[in-house]
A.B. asks: 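One structure, as structure tokens, below. Some questions next.
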Amino acid sequence: MNRTIATAALISAVLLADQIFKIWVKLNMRLGQEYYILGDWFRLHFTENEGMAFGMTLGGEYGKLLLSLFRITAVVFIGYYLYSLLKKKSTPPGLIASIALILAGALGNIIDSVFYGVVFSDSINRVAEFLPEEGGYASWFHGKVVDMLYFPIFQGYLPDWIPFWGGKYFMFFRPVFNLADVAITVGVFMIILFQRRYFRAEDEADDKQETAHTPSTTDVPAGSSAS
């Protein structure tokens, strides 16, 4: 399969799965509602994120607008970088997949921020409506990102013998996130884990290309004589 088609398919699959999951949650759950999937440690817990991934925020109305615009700008640069990688036959497939996952995740959360406030009613004490007659819960670029994956695998008080944190309440993993966040995290970790392999392969390919295009000092142009 052509690399460009495969990359587009990966981005489309992540986006589709992310949006289907979010829309299902939005149209079937109230804010704060949760379902237990695997005991206590894996739950669907509906929350809405005002800001960045894993519940981090950038406060205020203008902060939200700034964050949405920053996301769009970042996606443009990531998309251009991915395009430049696809043009090089020497680019490792793993690097292309990593950047594609990051791009897909960023796009998934941008869709929430840009459109969800306009097309959905709020989810406070009720299940949201799609395209409500009274209008959405926010204006363009001020939508909230839907989060639902919750893994409180361990919660309790830490042993007293642990320095600094002994005796304190601890929960792992506290943040609630979504499939777009997962795609971004997997893409970033792939780059961190395999950066030497990815970028060494690119550097070696660039060196070979430069060597192939560099004329030898012993070469004599046709039609001329050496003095």
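None of the values given here were measured: they were computed from a predicted structure.
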A.B. asks: Are Asp112 and Lys22 close enough for a salt bridge, meaning some N to O gap below 4.0 Å?
C.D. replies: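 Yes, charged N to carboxylate O under 4.0 Å.
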A.B. asks: Given 3.5 Å as the limit, does a donor-acceptor pair link the side chain of Glu129 with the main chain of Phe120, or not?
C.D. replies: no
A.B. asks: With side chain to side chain contact (heavy atoms under 4.5 Å, CB included) as the test, would you mind laying out the steps for Leu15 and Ile111 before giving the verdict?
C.D. replies: CA-CA 10 Å; Leu15 270 178; Ile111 291 173; 4.0 Å; yes
A.B. asks: What residues form a side chain to side chain donor-acceptor pair (under 3.5 Å) with Asn28, not counting sequence neighbours?
C.D. replies: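 Checked Asn28 against side chain to side chain donor-acceptor pair (under 3.5 Å); zero matches.
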A.B. asks: Are any of the side-chain heavy atoms of Leu82 and Ile11 separated by less than 4.5 Å?
C.D. replies: yes
A.B. asks: For Asn109 and Asp18: C-alpha separation, side-chain torsions, deciding distance, then whether side-chain hydrogen bond (donor to acceptor under 3.5 Å, both in side chains) applies.
C.D. replies: CA-CA 9 Å; Asn109 285 333; Asp18 176 65; over 6 Å; no
A.B. asks: Can a donor-acceptor pair be found, under 3.5 Å and without considering hydrogens, that links the side chain of Asp160 to the backbone of Gly166?
C.D. replies: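 Checked: no pair found.
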A.B. asks: Between Tyr169 and Tyr157 (judged by ring centroids, cut-off 6.0 Å), do the two rings come close enough to count as a pair?
C.D. replies: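 Between Tyr169 and Tyr157, the centre distance is under 6.0 Å.
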A.B. asks: State plainly whether one hydrophobic cluster holds both Phe130 and Leu16, where clusters connect Ile, Leu, Val, Met, Phe, Trp and Tyr through side-chain heavy atoms under 4.5 angstrom apart.
C.D. replies: no
A.B. asks: With no hydrogens and no angle check, is any side-chain donor or acceptor of His142 less than 3.5 Å from a backbone partner on Trp140?
C.D. replies: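 Side chain of His142 to backbone of Trp140, a donor-acceptor pair under 3.5 Å: yes, one is there.
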A.B. asks: Go through the steps for Lys26 and Glu48 under the test side chain to side chain contact (heavy atoms under 4.5 Å, CB included), then give the verdict.
C.D. replies: CA-CA 10 Å; Lys26 191 71 178 168; Glu48 290 181 315; 2.4 Å; yes
A.B. asks: Could you walk me through whether Phe151 and Phe177 pass the side chain to side chain contact (heavy atoms under 4.5 Å, CB included) test, one step at a time?
C.D. replies: CA-CA 9 Å; Phe151 290 86; Phe177 53 98; 3.7 Å; yes
